[in-house]
Amino acid sequence: MNKEILVIGGGIAGIQSSLDLGEMGFKVHMVERLPSIGGKMAQLDKTFPTNDCAI
Amino acid sequence: MLDVGRHPNIELMAYTHVERGEGQSGDFTVTVRRKARYVEEDRCTGCGACAEKCPTVVSDAFNEGLGTRRAIYSWFAQGIPSTHTIDPDHCRQLNGKKCGVCKKTCQADAINFDQEDRVVELHVGAIIAATGYEVFDPSIIPEYQYKEIANVVTALEFERLLSASGPTGGHLDRPSDLAIEADIEALEKKAKRSQRALDKFEEKYDEASPEFYEKYQNGEYGHDEDRKKWASKYGAHMAIAEPLEALRRRAEGFAVAKRLAFIQCVGSRDFRFYPFCSSYCCMHSIKEAIIAHEHEPETTSTIFGMDIRAVGKGFEEYKVRGGNKSAITYVRGRVAEITEAPDHNPVIWYEDTCERRVKSQEFDMVVLATACAPGKGIKELTQVLGIKINEFGFLKTNPSQPLDTTRPGIFTCGCAYGPMDIPESVAQASGAAARVAQILSEFEMRKAS
């Protein structure tokens, strides 16, 4: 039984689940295909409906 | 993002592919390939001095090809990890040419051209597949002429044009104008080079090139070989300078795009491509129109859609506010065709279903709200992990346990599951994390009892 977790994808979904699990005390390995995490959300300027900055 | 990089419990492996997955819930063995960056991660400080000096210019995928980067690059300025990466397809040194400028520039001595891929084996109890989506490529829709008309862009390209950190610094410069400005820049470089050659002759003979050329044409210099060279250089220079001047005059009239059109359901709710609704594009277009209006208060936007699906907390109010305060007009109708008027203005032909008439309207720029398509690598991943996809190409799940894939111990969230917006992705991600915690603790409890 292994208590480590693999998260595939470093977009907003992968980031959120990794942080949640990390906070719970699990060891998380996050794998991302591109050189940096952030995914599509990092390409967005602002987000709706609050016009907050995406990064 | 920053928190992920800093968190003591999270090991971040960017630029990495999943190669093999074996085992069962509670005990998976996954093999990943950490691709060579040719930059040592523990040394690179992300200062960017290498990218400033790198001589190779490459189209920038992060900016949807609207800007350029160098062969050594960071994916984007605030990227985590900030480690730079050498693009092996374009780097001169890695393609057998003489270069190595980045290595000379790097003060941290982080460049390592001999770095190789590292294969790492991970032992994990559960897996979350959050691989996201791909933007639908609208060039296969013939009537929108995405490839043919420069000022027809996708929503994500428009997003990069709006962004203060994007290729235009947040100015809504039209792609057709940007292309002409790039031509001007290239011609200016050429003209500078040929001017230098002319300067040498002018100094040698103490005469201005135009006057010399006139005399030469009149046959005053006979068959002097050196002057013949000068004359041919001057001819070549004028062949650059004249079109350059014409382009410069055209560029004087350039202004930012102020009349915007947004076309909804490009590739989605379309039986030729994806029959499903991509769910976020209506709000995305409204947001882009509102931001464009914030940048330039004279901007007017028209959103063409079958209906505007503003389903979500505060979304309907956002849509109404866009109409009232940000000069957005909502037109119910599907666009039949986009044609091009002089000055690269796209013209939209559509049926106004409220008035039951076919109309056309000219705009400065047209934005296509492209569908949320399944990720390109998702098929390969499902084969590696032994999970299934549904009829649309997203990960198959069970309605009663929507975050569980077809294999126990592997979960999904975000757009790998299906089209959704950011708040929904975040909520699902927390849900998937909770499911993982649940099954891992169940194992623990069973072991204890």
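In the text below, chain A, chain B and the rest are named by the order of the sequence lines, each starting its count at 1.
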Is chain A contacted by the side chain of T85(B), its backbone, both, or neither, given a heavy-atom distance below 4.5 Å? side chain
Given a strict heavy-atom distance threshold of 4.5 Å, which part of V30(B) is in contact with chain A: side chain, backbone, both, or neither? side chain
Please determine if K287(B) forms a cation-pi arrangement with F48(A), meaning its NZ or CZ atom is less than 6.0 Å from the six-membered ring centre and no more than 45° off the ring axis. no
At a heavy-atom separation under 4.5 Å, does H7(B) approach chain A through its side chain, its backbone, both, or neither? side chain
Engaged part of H284(B) at the chain A interface, taking heavy atoms whose separation is under 4.5 Å: both
Given a strict heavy-atom distance threshold of 4.5 Å, which part of I80(B) is in contact with chain A: side chain, backbone, both, or neither? both
Quick one: what part of A61(B) sits under 4.5 Å from any heavy atom of chain A, side chain, backbone, both or neither? backbone
Is chain A contacted by the side chain of A164(B), its backbone, both, or neither, given a heavy-atom distance below 4.5 Å? backbone
Between T50(A), I37(A), T47(A), the one whose heavy-atom pairs under 4.5 Å with chain B are most numerous: I37(A)
Quick one: of P8(B), G5(B), S163(B), who has the most non-hydrogen atom pairs under 4.5 Å with chain A? S163(B)
At a 4.5 Å cut-off on heavy atoms, which part of L385(B) comes close to chain A: side chain, backbone, both, or neither? side chain
Smallest heavy-atom separation, C415(B) atom then M420(B) atom, equals SG-O, 3.5 Å
How far does CD1 of I10(B) sit from CD of E23(A), to the nearest 0.5 angstrom? 8.0 Å
For E424(B), is it the side chain, the backbone, both or neither that has a heavy atom under 4.5 Å from a heavy atom of chain A? neither
Measure K319(B) against the heavy atoms of chain A and call it side chain, backbone, both or neither at under 4.5 Å. neither
Give the member of T83(B), L162(B), T412(B), I290(B) that has the highest number of heavy-atom pairs under 4.5 Å with chain A. L162(B)
Can you tell me how far CE of M30(A) sits from OG of S17(A), rounded to the nearest 0.5 angstrom? 7.0 Å
Determine the option with the most heavy-atom pairs under 4.5 angstrom with chain A, choosing from L156(B), V32(B), V135(B). L156(B)
Quick check for you: among L381(B), D421(B), T131(B), L12(B), which has the greatest number of heavy-atom pairs under 4.5 Å with chain A? L12(B)
Is R321(B) positioned over the aromatic face of Y318(B), cation under 6.0 angstrom from the ring centre and no more than 45 degrees off axis? no
Does the pair S165(B) and R160(B) meet the rule for a side chain to side chain contact (heavy atoms under 4.5 Å, CB included), with working shown? CA-CA 8 Å; S165(B) 60; R160(B) 294 317 300 153; 3.8 Å; yes
What is the minimum heavy-atom distance between A429(B) and Q16(A), and which atoms define it? CB-CB, 3.5 Å
Could you label the plane-to-plane angle of the Y133(B) and Y280(B) rings as parallel, tilted or perpendicular, counting under 30° as parallel and over 60° as perpendicular? tilted
Taking NZ, NE, NH1 and NH2 as the nitrogens, is one of them in R34(B) or E41(B) under 4.0 Å from a carboxylate oxygen of the other? yes
Answer key: most heavy-atom pairs under 4.5 Å with chain A among N63(B), I127(B), V18(B) is I127(B)
Scored by heavy-atom pairs under 4.5 Å with chain A, the best of G414(B), A416(B), A14(B), A432(B) is A14(B)
Pairwise distance CZ(R435(B)) to CD(Q428(B)) - rounded to 0.5 angstrom: 13.0 Å
Heavy-atom count check: over 12 atoms from other residues, nucleotides or ligands less than 6.0 Å from E380(B) CD? no
